[in-house]
Amino acid sequence: MAELDKKSVDATPNVAEVATVNAVTGTEAVAALDAPVSQGEPILQVRNLVKHFPLTQGILFKKQVGAVKAVDGISFDLYQGETLGIVGESGCGKSTVAKLLMTLERATAGEVFYKGQDITKLSGRALKAVRRNIQMVFQDPYTSLNPRMTVGDIIGETFEIHPEVAPKGDRRRKVQDLLDVVGLNPEYINRYPHQFSGGQRQRIGIARGLALNPEIIICDEPVSALDVSVQAQVINLMEKLQDEFNLSYLFIAHDLSIVRHISDRVGVMYLGKMAEIGTDTQIYDHPTHPYTQALLSAVPVPDPDAREGRERIILSGDVPSPANPPSGCRFRTRCWKAQDKCATEVPLLAIPERFKASDTPAAHESACHFAEEKDVVHAA
Amino acid sequence: MPETLKEATPDTPGAVAAPVATAAVGKPRSLWSDAWHDLRRSPLFVVSAILIIFLLVMAIAPGLFTGADPRYADLAHHYLQKPKWGNFFQEDWFGYDIQGRSIYARVVYGARASITVAVVVTVLVTILGTVVGMLAGYFGGWIDTILSRVTDIFFGVPFILGAMVVLTSFEERKIWVVILALAFLGWTSIARVARGSVLTIKQADYVMAAKALGASTTRILLRHILPNAIAPVIVVATIALGGYISAEATLSFLGIGLAEPTVSWGVDISSGQEQLRNAAFVLIIPSVMVSITVLAFIMLGDAVRNALDPKLR
Amino acid sequence: MTIIDKTADVPAPRGSNDESGPLLEVRDLHVEFHTRDGVAKAVNGVNYSVSAGETLAVLGESGSGKSVTAQAIMGILDMPPGHIPKGEILFRGQDMLKMSNEERRQIRGQKIAMIFQDALSSLNPVLSVGYQLGEMFRVHQGLSKKEAKAKSIALMDRVRIPAAKERVNDYPHQFSGGMRQRIMIAMALALEPDLIIADEPTTALDVTVQAQVMDLLAELQRDFNMGLILITHDLGVVADVADKIAVMYAGRIVETAPVHEIYKRPAHPYTKGLLESIPRLDQKGQELYAIKGLPPNLLHVPSGCAFNPRCTMAQDICRTEIPALRPVTEQDGTELVGRGSACHFWKETIHG
């Protein structure tokens, strides 16, 4: 795997550079945003990202009558080699975030800095160059592979699009190497996607994502379409590859157990906004946002004994429409703590005042006026 | 809510299909090889394919079927001579027309004009319709609005009436004039099918995956969209091919399509109508040829549709 | 609600069967699909039973045959390509597979109802939910339009759809996913069936809504004293509501157990592997245990125990002999009620 090895060599000076920069600006950088476990400068910085899909009426002369506020001001950092999990229910905008980071959708406002460069403004050659470094693994292994192409063509296409990565004569061997890396028989190169099972297809998708030696892989529900017994295989593979190639993952999923397993840090989204973000321990063992608490308490746990000791918060109602989100705090319509203030004032994502001075794990960013710690995961 | 809906895939909806889909053994198979597998077992396909091959050979090498000259007229001996049904493949098998020409020879030689018109029109229409439909479907927005409205305008023109208007403006009615007139009006149904098909395919994750890799628009259109969107277009085109054969015959019959001295089924039907009362065979024989050919292509289209439509599996 | 009091007008069961026996019993059921590539053996001898008031969870992955079994029970299997070469499905002691279409239709909906995963595609988009609910009463009970509507509203209230009176004339797309699933449940409940089969009823729903719907289902089942067959792939969902579990793999039941015991002491390597391969919510684990290999191809089910190519305990006997579902006992031979395992080495699995 000459090519894949080269990547880690590529990355090394980069890390060194990041480290020195950090040594100089050190304290300031930390103060700017939350202080995550990872060291160094973030490889990806997302600032106030907004995506509104216009709702229009009329056929010839379209008139905008509103907007679906899919993503409405999201900020976070992704560090080299870490996994940031993003959880949330359907319609919370987590998949839109993935598309924005891949520039598959154009942001309505806000910035995404990849190594200091705002990729939302890029196009053409510069964008193509950035895309080499940010790749994606899709949710549905049944629709993310072109059924008319062989596995060799699907993975090999990456080299046709980016010919500088691999010389022509080398490509077939490289594709076979990639198949080997993801645990598939390299002899399968001439098979079609439908000849593989779901788990194997997802491995092909991962191989395609790895082909260009990216630094960041955005995973949009990569295992949710797979059988339980196969999910673990794919998760383990992804963790192995992360160590091997020093990848950063943005891991988007709705399965909270899997997200905890794979993530270093976790962000919880609700209706286009980030409700809470912190390390996995901070979020799972010391959640302070009511939504996070409700979400965690609702997860069915395959252990009836552990289950009985847990407090369950059953939320009433459904998630409101992102076309017409509630004023103030978006969660207030389903929140048991909601007061007048919640309807008028949008809570900012920040470390709650009451925990600021202390050193507890509850001192992480949470967008709630009445943030308080509550363990809902462990039996009382 | 696509995030959660898809998660459902593990079992339920496709429970019946699942055992089939998980077959991960055997030789490589694609949609086309699957379709071919189905087609070979379809009597509809076998019958229509044999007929079509027969007709194509007739169009390409009419000399194989008859030694007679379709334009040779012998009024003195053969004026409206009745068919001799027992004389298979003989000059007088189908009798003679009002000018004493062998109807059998004319039917054999007429295949070329009719089939050429239909095949060339179909090819032109498929190319034009696919390009228009693909651009409209893929790019959407203003491009789609303009292209779709243009398609609608052409679609609104009655096919035969439109062809009459176009053809009457030409002095000389050579075969290419008829071809262009039919193609000019016929591409719209293909464009619509192609647009609809592209609209579905462009949502597919693999198209998004190609975009995420930085693939150019041309590559996405040619490698990802076209191969996946083409199946319904081919079905519609095959069925339409039969329609163009009858359209050619209709126009020739009306006297505005092909004309003498071109040998075509339509021309013969046109000239045969005058003897309908006393020598109906002059009209009926070329008409039956048109019907058989149209039927063969429609049957082929149906068979291909059945083989390509995954819903029927 | 009069719905609850219904046992009275259930016709007395014919034949020798009695009320105390199981509501539904599946005996040695086999289902095959004849495909172009061969015969896919989707169900290979399944036995299970459900009594009134009992919840049986059928757990399995794709291709395990759990949904096909349910479709066979409901009589909604596509035949062909489906085919039932062998087996019995006894409803109150009578084999439904031997009944006429008309007799089965009488049972379907009235005695056994089904809840599907995708509520949106299971409801007719051009009819209002009130009309669709009312149809059940009009067709099966011959009620007038007005009565049927009143009953529909009562039913919507029962499944806790807010403002049922105002929403009865709304169309399915105007409801959210969770509400649509409630409507599906209401439709299943309409004729007060004895048995409900719920096929992945909450898989398409969000976690917070999932909990609401599962709670509702469990409550209604208790109130109506129905039998419930819950088909799912989610070990977590099962833990909440089921009384007993049947784990399926490659068309066979590989383990049965009362719900609490299976999580503590699985007696089949497949169940054990599944439980170990799920990450924990309450603690950060190390590398996940992963069952190796792929789910079985139903066209070529491995000989012997279908799980043998993926099993860490597999021996020669596993490759040649199909293990029967045998009762599981304590080490000292005490019987463990309701437990069974189809593994040659169940003793080693549970005790070792």
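Quick note on labels: first sequence line is chain A, next is B, and so on, each numbered from 1. From a predicted model like this one, the values you see are computed outputs, not experimental measurements.
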Chain B contacts: which residues in residues 99-107 of chain A have a non-hydrogen atom closer than 4.5 Å to it? A:Lys99, A:Met102, A:Leu104

Counting heavy-atom pairs closer than 4.5 Å to chain B, which one of A:Arg208, A:Glu157, A:Met149, A:His162 comes out on top? A:Glu157

Carboxylate-amine/guanidinium contact B:Arg192 B:Asp152, below 4.0 Å: yes

Decide if atom CD of A:Glu164 counts as having more than 12 heavy atoms of other residues, nucleotides or ligands within a radius under 6.0 Å. yes

When you measure from the side chain of B:Ser197 to the backbone of B:Val193, do you find a donor-acceptor pair of N or O atoms at a distance under 3.5 Å? no

Between A:Glu89 and A:Arg334, is the closest basic N to carboxylate O distance under 4.0 Å? yes

Sorted by number, residues from residues 213-221 of chain B in contact with chain A (heavy atoms, under 4.5 Å): B:Leu213, B:Gly214, B:Ala215, B:Arg219

Assert top hit (heavy-atom pairs under 4.5 Å, partner chain A, pool B:Ala204, B:Ala212, B:Pro227) equals B:Ala212

With a 4.0 Å cut-off on N to O distance, would you call B:Arg195 and B:Asp144 a salt bridge? yes

Any idea which of A:Val319, A:Asn146, A:Ile218 has the most non-hydrogen atom pairs under 4.5 angstrom with chain B? A:Asn146

Going by the side-chain contact (heavy atoms from CB on, under 4.5 Å) test, name the single residue among B:Val123, B:Val120, B:Val119 that passes it with B:Ile179. B:Val120

Pairwise distance NZ(B:Lys211) to CD1(A:Ile161) - rounded to 0.5 angstrom: 13.0 Å

Minimum-distance pair of heavy atoms, taken over all atoms of A:Ala98 and A:Met136: CB-CE, 4.0 Å

Basic-acidic side-chain contact under 4.0 Å: B:Arg223, A:Glu160: yes

If only atom types and distance count, is the side chain of A:Gln202 paired as donor or acceptor with the main-chain N or O of A:Phe138 below 3.5 Å? yes

Given 3.5 Å as the limit, does a donor-acceptor pair link the side chain of A:Asp255 with the main chain of A:Ile258, or not? yes

